[in-house]
Amino acid sequence: MSEIFTFDRFVAGQELGVTEGGIDERLFDVWQALYPWDGMSGGKIPVGMVSALIMRAYLGIVTPRPPGNVHTGMEMTVHTLPAEGSILRTSVRCAATEEKGERKFVDFATVTTDAVDGTALFDGILRLIWAR
Amino acid sequence: MMDFESPTLTIEADGILAYAEFTEDYNPIHVDAAFAAETPFGKPIAHGTMSLNMILQAAAAALGNDRIDGARVDARFVRPVFIGDHIHVTAVQADTVDCWDVALVNQHGEAVIKAILSLASK
């Protein structure tokens with residue numbers, strides 16, 4: 001079991017890891033049950049998946065985490081939506097840390113590309129209150 | 001002016017669990033009522049991105065999927081979303097072309113997410 005990611009382990013600019021993965025049929029089914037209005041269009045993945053895929057990549061890399069973190073903000077830029085069946089490659093780094101009184105904030109920056117041809121797909125910045 | 005809205009998403013416990021499965025985010029603040037009861041929220045809260053996802057969905061439905069390439073969203077989660085809440089998007093075009101002031105609004109008319117949506121110029 002890896003050591004838990006506590007606030008004092010993060011350093012601005014620190015590369016935290018890279019993950020690759022696709023969206024299988026089971027995940028599409030989960031998505032369609034949640035958002036029946038958000039299907040694939042033009043051979044591209046459902047548009048609403050972008051922020052969820054950013055979260056999925058971040059959570060797969062920054063683990064284990066302390067329980068009780070709170071997500072307070074998010075920025076994302078879509079360069080182009082992935083095609084159905086794409087394998088996505090996402091890198092995650094610590095963009096910033098900040099302490100405001102007793103609250104500890106961590107910003108994570110993500111970059112997602114097509115794992116096969118390197119096409120830029122989408123970027124994200126997540127801001128969280130870190131539990132400890 | 002091209003304002004737009006989204007369908008309404010009703011937050012259910014099963015939906016939170018399904019979203020946890022999609023994102024692999026099993027933070028107990030979302031899925032463990034006993035843990036959540038000890039937090040300032042007092043009960044489980046939905047994942048913030050479960051609502052956030054609806055911004056691009058609504059933009060694509062209203063403006064076309066071809067407008068999503070180049071889209072940028074800058075969002076703040078300003079209120080928790082609880083089981084039983086009904087959430088929808090309201091987007092009001094700003095003075096700047098291709099920019100919208102967006103709110104995810106609950107059944108009480110309260111914003112739970114405030115965001116700026118910018119699209120690439122056509």
Side-chain angles (χ1 to χ4, degrees), chain A residues 19 21 23-24 26-61 63-81 120-129 131, chain B residues 6-7 9 11-12 14-32 35-36 38-41 45 47-61 64-78 80 113-120:
Chain A
T19 185
I23 306 153
D24 61 24
R26 181 184 59 85
L27 287 179
F28 272 113
D29 290 345
V30 169
W31 193 261
Q32 285 295 279
L34 284 166
Y35 307 104
W37 53 80
D38 190 22
M40 282 188 289
S41 177
K44 303 278 191 167
I45 68 165
V47 294
M49 271 191 190
V50 171
S51 47
L53 291 170
I54 290 171
M55 288 303 294
R56 185 176 166 86
Y58 144 72
L59 290 160
I61 289 173
T63 187
R65 299 168 302 280
N69 293 341
V70 177
H71 195 176
T72 63
M74 188 151 171
E75 300 173 29
M76 54 186 174
T77 301
V78 181
H79 303 296
T80 190
L81 287 170
L121 298 173
F122 44 82
D123 306 332
I125 297 177
L126 300 74
R127 187 167 176 81
L128 292 100
I129 298 174
Chain B
S6 73
L9 177 68
I11 306 298
E12 299 173 340
D14 286 351
I16 289 176
L17 284 175
Y19 196 73
E21 179 185 355
F22 188 94
T23 55
E24 297 184 2
D25 185 355
Y26 291 94
N27 184 337
I29 207 165
H30 304 304
V31 299
D32 183 338
F35 179 92
E38 300 301 318
T39 71
F41 303 114
I45 60 172
H47 305 74
T49 54
M50 192 173 175
S51 303
L52 180 67
N53 300 332
M54 296 170 69
I55 294 178
L56 289 182
Q57 292 170 354
N65 246 42
D66 59 336
R67 298 298 315 275
I68 299 304
D69 286 3
R72 184 171 185 281
V73 177
D74 185 351
R76 289 181 300 120
F77 304 115
V78 296
I113 295 176
K114 292 182 178 177
I116 302 294
L117 167 68
S118 308
L119 300 181

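Atoms considered below: every heavy atom in the structure, side chains included; atoms not considered: hydrogens, waters and symmetry mates.
Of the two parts of A/L34, the backbone and the side chain both hold a non-hydrogen atom closer than 4.5 Å to a non-hydrogen atom of chain B. Looking at B/L56, both its backbone and its side chain come within 4.5 Å of chain A, counting heavy atoms on both sides. B/D25 touches chain A through backbone and side chain together, each having a heavy atom under 4.5 Å away. With a 4.5 Å cut-off on non-hydrogen atoms, A/D123 does not touch chain B at all. Using a 4.5 Å cut-off between heavy atoms, B/A60 contacts chain A through its side chain alone, with no backbone atom that close. Heavy atoms closer than 4.5 Å to chain A are found in both the backbone and the side chain of B/Y19. Interface remark: B/D74 contributes backbone and side-chain atoms alike to the contact with chain A (heavy atom separation under 4.5 Å). Only the side chain of A/R26 comes within less than 4.5 Å of a heavy atom in chain B; its backbone stays farther off.
Atom CE in B/M54 sits 11.5 Å away from atom OG in A/S51 (nearest 0.5 Å). Here the straight-line distance linking atom OG1 of B/T23 with atom CG of A/L53 works out to 10.0 Å at 0.5 Å rounding.
Inter-residue side-chain proximity for A/T72 and B/R76 is flagged as unmet; no heavy-atom pair is nearer than 4.5 Å. When side chains are defined from C-beta on, A/V70 counts as touching B/F41, because their heavy atoms get closer than 4.5 Å. Residues A/M55 and B/H47 have side chains not in contact (no heavy-atom distance under 4.5 Å, counting atoms from C-beta outward). In this structure, the side chains of A/D38 and B/N53 stay at 4.5 Å or more apart for every pair of heavy atoms.
Contact tally against chain B (heavy-atom pairs below 4.5 Å) for A/L27, A/L121, A/V30: the top residue is A/L27. Between chain A and the residues B/G48, B/P80, B/A71, B/A120, the most heavy-atom pairs under 4.5 angstrom are made by B/A71. By number of non-hydrogen pairs under 4.5 angstrom with chain B, the leading residue of A/R65, A/M76, A/H79 is A/M76. In terms of non-hydrogen atom pairs under 4.5 Å with chain A, the most contact-rich of B/N65, B/I29, B/T39 is B/N65.
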message: Between A/E75 and B/V73, is the side-chain contact (heavy atoms from CB on, under 4.5 Å) condition met? List the steps.
response: CA-CA 5 Å; A/E75 300 173 29; B/V73 177; over 6 Å; no
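The aromatic rings of A/H71 and B/F77 sit perpendicular to each other, their planes meeting at more than 60°, with 30° as the lower class boundary.
A donor-acceptor contact shorter than 3.5 Å is absent between the side chain of A/Y35 and the backbone of B/L9.
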